[in-house]
Amino acid sequence: RGGPEVMVLEETSTPIPGPGEVLIKVAVAGVSHSDIGQRRGDYPNLLPLPAILGNEVAGVVVGLGSEVSTLSEGMRVVALVEGGYAEYAVAPAAQVSVIPAGVSFTQATVTPIQGQTAYLLLDKAAHMRAGERVLIHAAAGGVGSLALQLARLLGASLVIGSTRSPEKLSYIRGFGADLAVNSESPDWVGQVMQATRGQGVDVILDAVGGSLTHPNLACLSAFGRMVVFGALSSAVTPVVAPMLIAKCLTISGYNTLIQPLADQMRASQTVLEQIADGRLQVTLGQSYALAEVSAAHQAIEAGHMQGQVTLTL
């Protein structure tokens, strides 16, 4: 565990798929905040070390284990794996999605974590209903930018995105946000309340936490729901019961990697189809060689990146 320098490029044997598994020749691997959390040691469900990081890969099936009948060699696929920062990766066939025509490997890598997270945050965790008002923090990030669009596709009547970077406000509006706010601004809650005519929002998706917690509760409507799926802020802010009781509010947590597999795969398929037909736009960020993975982690941690950061193999 530690800084980016603890990652070391090594040669190892090509993995062999077991029963129910496939071998994927990786074309593109996604780099996510969960990978950084694993490396630093501040992420739930830490892998034992040594470990190969990376959970999102897209590539071509080049080997089949026994008991695999739904996939064949040569298929373009995207999968959730353990050990994606590699030339080859093994994936359970049940966690593999075929990439539709017109969707690139790089676009597809958003689905196993970012796409699933954005979709299931709204659909399963927040139980968002058509006509509701939604506020999404860190909306310029991979999950946030997809959630902005998915909220609209799922029927939200008002979509608000926040960022801590003033220069990213126009970027958020480009994804269809009705309002983009700077969450570092002292009047951002007032802007949200004005946009909702004093009613507040029904759903908040929060990847920041910390000092945003109390303002979030202030701009939730009665029976509002806040789903916490990240902790970009290291600050600890207590929530006291009267804050929740006054408006019958709900706060819940979310982690993609422990969701039911059927929900994960349904979300991936939905996101892939929406990318293929143009309803969902994916912002492609910087791509790095495998040997440059430390630079990829540094760029994400510094907050310099927009869109999906990838390793191209």
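From a predicted model like this one, the values you see are computed outputs, not experimental measurements. Numbers here are sequence positions counted from 1.
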> Taking the side chain as every heavy atom from C-beta outward, state whether Asn255 and Tyr43 have any atom pair closer than 4.5 Å.
yes
> Just how far is it from atom NE2 of His137 to atom CG of Leu135, taken to the nearest 0.5 Å?
4.0 Å
> Taking only Lys NZ, Arg NE, NH1 and NH2, and the carboxylate oxygens of Asp or Glu, determine whether Glu273 and Arg279 approach each other closer than 4.0 Å.
no
> Answer whether the closest heavy-atom distance between the side chains of Lys247 and Ser221 falls below 4.5 Å.
no
> Are more than 12 heavy atoms, taken from residues, nucleotides or ligands other than Glu87, located less than 6.0 Å from that residue's CD atom?
no
> Less than 4.5 Å apart, any side-chain heavy atom of Phe175 and any of Thr283?
yes
> So, taking the atom named CD1 in Ile300 and the one named CD in Gln298, what distance separates them when rounded to the nearest 0.5 Å?
11.0 Å
> Side-chain contact test, heavy atoms from C-beta onward, threshold under 4.5 Å: evaluate it for Val62 versus Tyr88 and give yes or no.
yes
> Would you call Arg225 and Glu132 a salt bridge, using N to O less than 4.0 angstrom?
yes
> State, yes or no, whether a side-chain contact exists between Ile136 and Ser162 at a heavy-atom distance under 4.5 Å.
no
> I'd like to know if Leu272 and Met265 are part of one continuous hydrophobic network [Ile/Leu/Val/Met/Phe/Trp/Tyr, side-chain heavy atoms within less than 4.5 Å].
no
> Got Leu53 and Val293 here, is their nearest side-chain heavy-atom distance under 4.5 Å?
no
> Between the side chains of Asp123 and Arg129, is the shortest nitrogen-to-carboxylate-oxygen separation below 4.0 Å, so that they form an ion pair?
no
> Do NZ/NE/NH1/NH2 and the carboxylate oxygens of Glu301 and Arg39 come within less than 4.0 Å?
yes
